[in-house]
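Each remark here refers to the structure printed beneath this line.
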Amino acid sequence: MPEPQFTDVVILAGGFGERLWPASSPEFPKQFLSLPDGNSFLQEAVLRALAIEPPGKILVISRPEICGTLTSQISSLKDRLSEQQKEKIQNDVYVIAEPCPRHTCAPLLLACKLLRLADSQDHTILVLASDHVIFPDSQFSADCKKAAGFAEKGKFVCFAIPPSEPSTGYGYISMGKCLDSGQSVFEISHFKEKPDLETAQRYIASGTYSWNSGMFGFTASFFESEIKKYEPEMHIIFSGMDSAKLPGESRLNSILYIENWEPLNRAYKSVKSIAVDNAIAERTDSAVAVKASFTWDDVGSWDSFEKYFTEDAKNCVSVESSGNFVYSDIPAVLCGVTGLIVAVKNGRLLVMKKGTSGSMREAVKKFKELNPKTE
């Protein structure tokens, strides 16, 4: 028998750029920022999708306002890839512009519909975020094979991250019965929302909880059947796509691009905005988790972003200062300060004490209220 394999990959690439403000913004969200190796988060996600060698499509779903930058970054990868990978990007990577944001469930149902319109066979789909750090690729690919095997059997597969600390920034998975001899795949007993610190500490102490990575695997037929069961109105709204003609293809920065497809526009006018976690993951009785053997980080704050920059900023002078992180596009001087994050980007300045990333969204909200014309 052939090895289990995800046939297609969906990369969710929306976002409004609040958590790494001012380097990120609605026009340039986190997935476009560069990591120390020169690739952006988005480019790393595309390379990750290529690494598992899906025979089908790689769908990148995003907002129309940022698809120009998105397709440009994907296209620029081609100069660094093998001929086979270049051909894959040329022929099988599609960027799809949503008419408006509808959280994560609607775009995944859209992906299922498009893939099954293009090819009536069932599809085993891997869902990735566009702004995570994952390494090494070899371990990630090995875990994907495990996940694909269970997805092919009609399971909703999550990737569980062994927690390194009692984080309040992640959702948690309560692990149940083990399903494989390698002690790496488990039934999911419960999904838990982001906890307070005391609850997170209790989860860690129990040894039965993992972080929910927000990456999933399933077949298109399974996903559609669960939507019909748990979100019947969404199922009805999207059923008009079943007999639709495939959207016309154009190219943006040489990448295949789908925008203004009438069946999609019509569905998005009335479909509700709901996360796939709430619509399917927390309701289905078929949820399982692959315990990740790879290193994962969603880099959701300046505190976590700093970890990937081991060298001091070359345009920063530090005098009687220590333990600071500077991310600036202009020269900076620090005198007599410790434990700060200083970010100067896009004509804006952030000075933040390390460990206070939880205040960022409130700070950005207040900044926008005071400076509405600058955003």
Side-chain angles (χ1 to χ4, degrees), residues 6-15 49 54 56-65 67 70 92-130 151-152 154-158 191 214-250 256-287:
F6 285 110
T7 60
D8 305 270
V9 179
V10 177
I11 301 174
L12 299 177
K57 309 297 184 188
I58 298 173
L59 307 183
V60 186
I61 304 177
S62 188
R63 297 185 287 119
E65 302 88 353
C67 282
L70 191 151
D92 288 330
V93 172
Y94 287 75
V95 171
I96 303 166
E98 294 182 280
C100 53
R102 286 291 185 260
H103 221 306
T104 54
C105 193
L108 294 182
L109 183 54
L110 164 65
C112 292
K113 295 292 186 183
L114 280 173
L115 289 170
R116 298 187 80 180
L117 273 179
D119 185 340
S120 59
Q121 70 175 4
D122 205 1
H123 296 258
T124 308
I125 300 168
L126 173 66
V127 180
L128 301 178
S130 61
E152 290 172 356
K155 299 296 184 181
F156 185 88
V157 186
C158 304
F191 288 89
M215 300 182 293
F216 308 105
F218 47 77
T219 63
S221 60
F222 170 85
F223 192 84
E224 291 191 49
S225 69
E226 297 295 274
I227 289 291
K228 186 176 182 179
K229 183 189 303 182
Y230 298 113
E231 292 292 338
E233 185 178 351
M234 182 178 286
H235 168 74
I236 292 169
I237 289 170
F238 273 78
S239 63
M241 293 184 183
D242 293 337
S243 57
K245 292 183 179 179
L246 278 169
E249 295 177 359
S250 60
L256 288 163
Y257 183 59
I258 296 173
E259 185 183 25
N260 288 326
W261 184 40
E262 184 51 36
L264 169 59
N265 294 343
R266 194 162 50 242
Y268 266 56
K269 282 180 181 177
S270 55
V271 74
K272 74 176 180 181
S273 179
I274 184 171
V276 68
D277 307 68
N278 304 127
I280 302 296
E282 295 169 3
R283 293 164 158 177
T284 183
D285 56 7
S286 300

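Computed over heavy atoms, backbone and side chain alike; hydrogens, waters and symmetry mates excluded.
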Give the C-alpha distance, both sets of side-chain angles, the deciding distance and a yes or no for side-chain contact (heavy atoms from CB on, under 4.5 Å) between Ser130 and Val60. CA-CA 9 Å; Ser130 61; Val60 186; over 6 Å; no
Under 3.5 Å, sequence neighbours excluded: what are the donor-acceptor pairs made by side chains of residues 92-102?
from: Asp92; atom 1: OD1; to: Lys57; atom 2: NZ; distance (Å): 3.3
from: Asp92; atom 1: OD2; to: Lys88; atom 2: NZ; distance (Å): 3.0
from: Tyr94; atom 1: OH; to: Glu249; atom 2: OE2; distance (Å): 2.8
from: Glu98; atom 1: OE2; to: Tyr268; atom 2: OH; distance (Å): 2.5
from: Arg102; atom 1: NE; to: Tyr268; atom 2: O; distance (Å): 3.1
from: Arg102; atom 1: NE; to: Val271; atom 2: O; distance (Å): 3.0
from: Arg102; atom 1: NH2; to: Tyr268; atom 2: O; distance (Å): 2.8

Phe156: what forms a ring-ring contact (aromatic ring centres under 6.0 Å, His included) with it, not counting sequence neighbours? Phe216, Phe218
Residues which pass ring-ring contact (aromatic ring centres under 6.0 Å, His included) with Phe238, listed by chain and number, not counting sequence neighbours: none
Walk me through it: do Leu108 and Leu12 pass the test side-chain contact (heavy atoms from CB on, under 4.5 Å)? CA-CA 9 Å; Leu108 294 182; Leu12 299 177; 4.1 Å; yes
Atom [atom1] in [X], atom [atom2] in [Y]: separation rounded to 0.5 Å?
X      : Y      : atom1 : atom2 : value
Asn278 : Arg283 : CG    : CZ    : 8.0 Å
Phe222 : Asp122 : CZ    : CG    : 11.5 Å
Ile258 : Leu114 : CD1   : CG    : 5.5 Å
Asn260 : Ser250 : CG    : OG    : 9.5 Å
Ser120 : Leu115 : OG    : CG    : 12.0 Å
Glu152 : Thr124 : CD    : OG1   : 4.5 Å

Would you list the pairs meeting salt bridge (charged side-chain N to carboxylate O under 4.0 Å, His left out) in which at least one residue belongs to residues 217-226, sequence neighbours left out? Lys113-Glu224, Arg116-Glu224, Glu226-Lys229
For residues 6-15, which residue pairs pass the salt bridge (charged side-chain N to carboxylate O under 4.0 Å, His left out) check, not counting sequence neighbours? none
Any side-chain to backbone donor/acceptor pair from Thr7 onto His123? Under 3.5 Å, distance only. no
Whether Thr104 side chain and Val276 backbone form a donor-acceptor pair below 3.5 Å: yes
Residues in salt bridge (Lys or Arg N to Asp or Glu O under 4.0 Å) with [X], at least two apart?
X      : result
Glu233 : none
Glu282 : none
Lys228 : none
Asp119 : none

Considering residues at least two apart in sequence or located in another chain, which fulfil the side-chain hydrogen bond (donor to acceptor under 3.5 Å, both in side chains) criterion with Thr219? Ser221
Looking at residues at least two apart in the chain, or sitting in another chain, which of them share a side-chain hydrogen bond (donor to acceptor under 3.5 Å, both in side chains) with Ser239? none
Could you pull out the closest heavy-atom pair between [X] and [Y], with the gap in Å?
X      : Y      : answer
Ile280 : Phe223 : CG1-CE1, 4.1 Å
Val157 : Ala151 : CG2-N, 3.6 Å
Leu117 : Ala244 : CD2-O, 3.4 Å
Ser62  : Cys67  : CB-SG, 4.2 Å
Thr284 : Tyr230 : CA-OH, 3.6 Å
Ala279 : Cys105 : CB-SG, 3.6 Å

Sorted by chain and residue number, the side chain to side chain contact (heavy atoms under 4.5 Å, CB included) partners of Ala49 (sequence neighbours excluded) come out as Val9, Ile11, Ile58, Leu128
Between Glu231 and Leu109, does the side-chain contact (heavy atoms from CB on, under 4.5 Å) criterion hold? Intermediate values first, please. CA-CA 11 Å; Glu231 292 292 338; Leu109 183 54; over 6 Å; no
Indicate yes or no: at least one non-hydrogen side-chain atom of Met241 is less than 4.5 angstrom from one of Leu264. yes
